[in-house]
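One-based numbering along the sequence shown. In each ligand, atom 1 is the first atom listed, and ligand 1 is the first ligand listed.
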Amino acid sequence: MHAHRVSPAPASLFAPVHDGLRTGTVAFHHNSQPLISMNFQSFPVHKRLALLFSLPAAAFAAAPDAPPAQACPHCSPASAVVSNLYIPDIAADDEEGTIEKTSDSFESSATRLDPLVITASPPGDRPLRVTIDTKAAAQPIPAQDGADILKTVPGISVSRKGGTGGEVILRGAAGSRLDILVDHESILGGCPGRMDPPTAYIFPDAYDEVIVLKGPQTVLYGSGNSAGVVLFESEPVRLESPSASLDASLTFGSFDRNDQSASVLAGTPDFYVKVAAVRSDSDDYEDGDGNKVHSRYERSTARAALGWTPDENTVIELHGALGEGEAAYAHSMMDATRLDRENIGLRFGKRGLAPLVESLEASLYYNHIDHVMDNYSLRDPGGMAMASNPEHTLWGGRALATLLPRENTKLELGGDFRLGTHSRDSVDDAKIDTWGLFAEATQTLATRHRVISGLRLDAWSAEDRRSVSGSSTGGDDRSETLPAGFLRYEQDLAAVPVTVYSGIGYTRRAPDYWELFSYESAGSDSSFNVDPEKTVQLDVGATWKQGPLTAFVSAFANDVSDYILIQKTGSGMMATTIARNIDARSIGGEAGFGYAFGEGWRIDASVAYVRGRNRTDGLPLAQQPPLEGRIGIGYTTPVWSLGALARLVDRQDRYAVDQGSVAGQDLGATSGFAVFSINGGWRISGQAELTGGIDNLFDKTYAEHVSRAGDGDPAYIANLRVNEPGRTLWIKLRVTF
Ligand SMILES: [Cu+2]
C-alpha cells in the first residue's frame with residue numbers, strides 16, 4: 001500500500017506477465033531499525049553464498065545518504081522513487097486507463113490509510129490474474145509463508161498441517177497442478193510426505209508482489225500448470241539517482257507470534273542492491289475450545305539482489321536467498337526440524353535491440369532444499385526415535401525474446417529447462433528433467449479486441465534411481481512429450497467499462513516427484529509408471545471497473561483424462577497409498593465486487609465454488625472445498641480505519657473418503673461455519689502505520705473441509721481434522737522511509 005506508482009508507468013523487463021499492460025514502478029520504503037543484519041548472523045551461512053551476501057551488505061553500508069530521485073509530495077523527503085526498466089506498451093488503447101489507475105493508487109497510498117485487504121480481486125482490465133501487494137495490510141493475521149498470503153484470493157484454499165507449511169489449492173487443484181515460481185524460478189520441497197510444499201520456503205515479505213494466473217491460459221511459466229501458476233516477484237529496478245530506502249515491520253500476535261521484517265533498496269542509476277531479511281515464529285496455537293495444536297514454528301530468511309544497470313535498457317542481476325526453519329506438525333508422526341533453502345540466480349535483460357526485437361531475457365538458477373524430519377526434537381517420540389533427511393536440488397533457466405513482427409502483434413518466443421535431483425539420506429532416488437520450447441502471441445485486432453494464443457512443447461524424462469531391491473521399478477527410466485496450448489479472446493466493451501474473455505486451454509502434465517516416488521500403484525510397489533494427466537479447460541468471465549465499483553466473475557469447466565488420484569487402500573498390515581489414473585471433470589468459479597460509498601465507506605464481497613466428479617469411480621472428486629463467501633465492510637479516514645469481515649463456508653457432503661491428491665485425502669463430510677473478524681488501522685505519520693485485528697472474534701472451533709488429519713498430535717485422534725486457530729489478536733507496525 002505504500003508502493004507508489006508513478007505515471008507513465010511502464011512494465012518491467014522482468015514483468016511477470018508480458019501483456020504489455022503491466023504498470024511497474026515501485027517505490028521502496030525503509031526503516032531505520034537495524035534488523036537487517038539479524039538473520040545473516042544466525043544463519044549457518046554456506047561459504048559460496050556468504051560471499052554473495054557480503055557484497056550487497058557492504059554496498060549498502062557504503063551507500064551515501066543521497067537525496068531522493070523524485071520527492072513524493074505527500075511523504076517524507078527521504079522517499080526514493082524508483083522506476084523499473086520497462087518494455088514499451090503495445091496495447092496503446094489501454095494505456096490511458098493504465099496511467100489513470102496508477103495515478104489513483106499513487107494518490108491513495110500517499111495521502112490516506114488504505115483499508116485492510118480482505119479479498120484480493122483482479123484489476124479491472126486483466127482477466128484471470130490476481131495481484132497481491134505483499135506489503136499491504138490484510139486480514140487474517142499477516143502472512144508468514146507463501147500459502148498464507150494467498151488466503152485472500154477467492155478460489156484458493158489452504159490445507160492445514162500446523163502453524164506453517166499449508167498446501168495451496170486453487171479450485172480444488174493442488175500440487176504441481178498449480179506451480180509456484182519464485183523470481184520465475186522453480187522451487188520444490190524435499191519431503192516425500194509433503195511436509196514442505198514450495199510455499200513452506202517462501203517469505204512473502206521478501207518479495208514485492210504475488211501474482212496468481214488462473215487456468216491453462218499461458219505457456220510462459222513451464223509445463224503442466226493445469227490449474228494455474230503463482231508467481232512471487234522481486235523485480236529488477238533502475239534508480240533515477242543515488243538513493244536508499246527501507247521498509248520494515250514488526251508483528252505481534254496471540255500464541256507468542258512475533259515477526260520481524262526489513263527490506264532495503266539502495267544504489268545509484270548504475271547499480272542497485274535489494275536486501276530483505278524476514279523472521280517469524282509462533283508457539284503452538286489453541287483452537288476455539290482452548291486445545292493446543294502441535295503447530296509451533298520458527299523460520300527466517302535473507303534474500304539479496306545485486307543489479308547492474310549500465311543504461312536504462314539493460315540489467316544484469318545476481319540474487320540469492322538463504323532460509324531456515326523448523327515446524328511442528330499436528331498432521332504427521334514427525335516434525336520438520338530442518339527447512340533449509342539455498343538459492344542463487346542470475347538474470348539478464350536487454351530491450352530495444354532492434355525495431356523487431358523488443359527485448360531479450362535470460363536467466364539461470366539453482367535451488368537446493370535440505371529438509372530433516374524427526375519424531376524426537378519437537379515432541380516426545382513415544383517409541384523408537386526416527387529421522388530422515390530428504391533433499392531436492394533444481395537447476396533451471398530460461399531464455400525469452402519478445403518480438404514485434406507487426407504493429408499490433410507481440411510474439412514471445414522462448415525455451416526453458418528444469419533439472420531436478422532428489423535424494424533421501426544422501427542417496428539419490430530420483431532424477432526428473434524437463435526441456436521446453438514455447439511461443440505466445442498477443443494480437444490486438446480492432447481497438448478493443450485481443451486474441452492471445454500460445455503453444456508449448458516439453459520433453460520430459462524421469463529416472464527411478466532407487467535400488468532394485470527397494471523398488472520394483474528401481475533403475476527404470478521413462479520419457480514423455482508434453483504438448484500444451486491455449487487460445488483466448490478478450491474484448492473491452494464500448495458501452496460499459498467491462499472486459500469479457502473466453503478461452504480454451506489444453507495441457508499435459510507429467511507426474512511430479514511425489515506422484516512418481518511416494519506411492520505404490522494398484523499392481524505394484526511403485527507408481528513410477530503412472531500416466532501423464534491431460535486437461536482441457538474452458539475459462540470464461542468478465543471484469544468491470546466503473547468509478548467506485550469493481551466487479552468480476554470468472555468461471556471454468558474442465559475435463560481431465562488420466563487425472564492422477566492418490567488413494568489410500570487396504571487396512572491394517574495391508575494398508576497402502578497408491579497413485580492411479582482416473583477420468584475427472586470439474587466446474588466452478590469465483591465472483592466478487594467492491595463498492596466505495598459515502599465518505600470513506602467500502603464494502604467487498606466474494607464467492608467461490610467448485611464441483612468435481614470422479615467419472616471412473618462414479619464418486620465426487622476428492623479434496624474439493626465447499627461453497628464459500630466472504631463479505632467485508634470498512635470505514636477509512638486518512639488517519640484511521642475500522643473494518644469487519646465475515647467468512648461463511650457451506651457444508652461439504654461431496655467427498656470420497658481416502659481419495660485425493662499429494663496434498664491429502666478426504667476424511668468425510670463437514671458442516672458449515674461462519675467466522676467473524678474485525679480490524680483497524682492507524683496512520684501514525686507519513687512513515688509509520690499500525691494495523692491490527694482480531695481474527696475469529698467469537699473463538700469458534702472449526703476446521704476447513706480440505707485439511708489434513710491430525711494423527712500425529714496426541715491431542716487428536718486419527719482422522720480428525722486439524723482445527724484452525726481460535727480467537728487470534730494481532731498487531732503490526734510498519735515503518736517506511
Ligand atoms: Cu518431512
Original post:
Does Asp259 have any salt bridge (charged side-chain N to carboxylate O under 4.0 Å, His left out) partners at least two apart in sequence or in another chain, and if so, which?
Top reply: Arg257
Subject >> Residues Asp196 and His392: side-chain donor-acceptor under 3.5 angstrom >> reply: no
**OP:** Look only at the side chain of Ser159 and the backbone of Gly166, and say whether a donor-acceptor pair between them is shorter than 3.5 Å.
**Re:** no
Subject >> Donor + acceptor pair across side chains of Gln144, Thr164 (<3.5 Å) >> reply: yes
**OP:** Using distance alone, with no hydrogens and no angle criterion, decide if Thr728 and Asp695 have a side-chain donor and acceptor under 3.5 Å apart.
**Re:** no
Subject >> Pair Ser423-Asp428, side-chain donor/acceptor within less than 3.5 Å >> reply: no
Subject >> Shell of protein N/O/S atoms around the Cu ion (ligand 1), taken as anything under 2.8 Å >> reply: Cys191 SG, Met195 SD, His371 NE2, Met373 SD
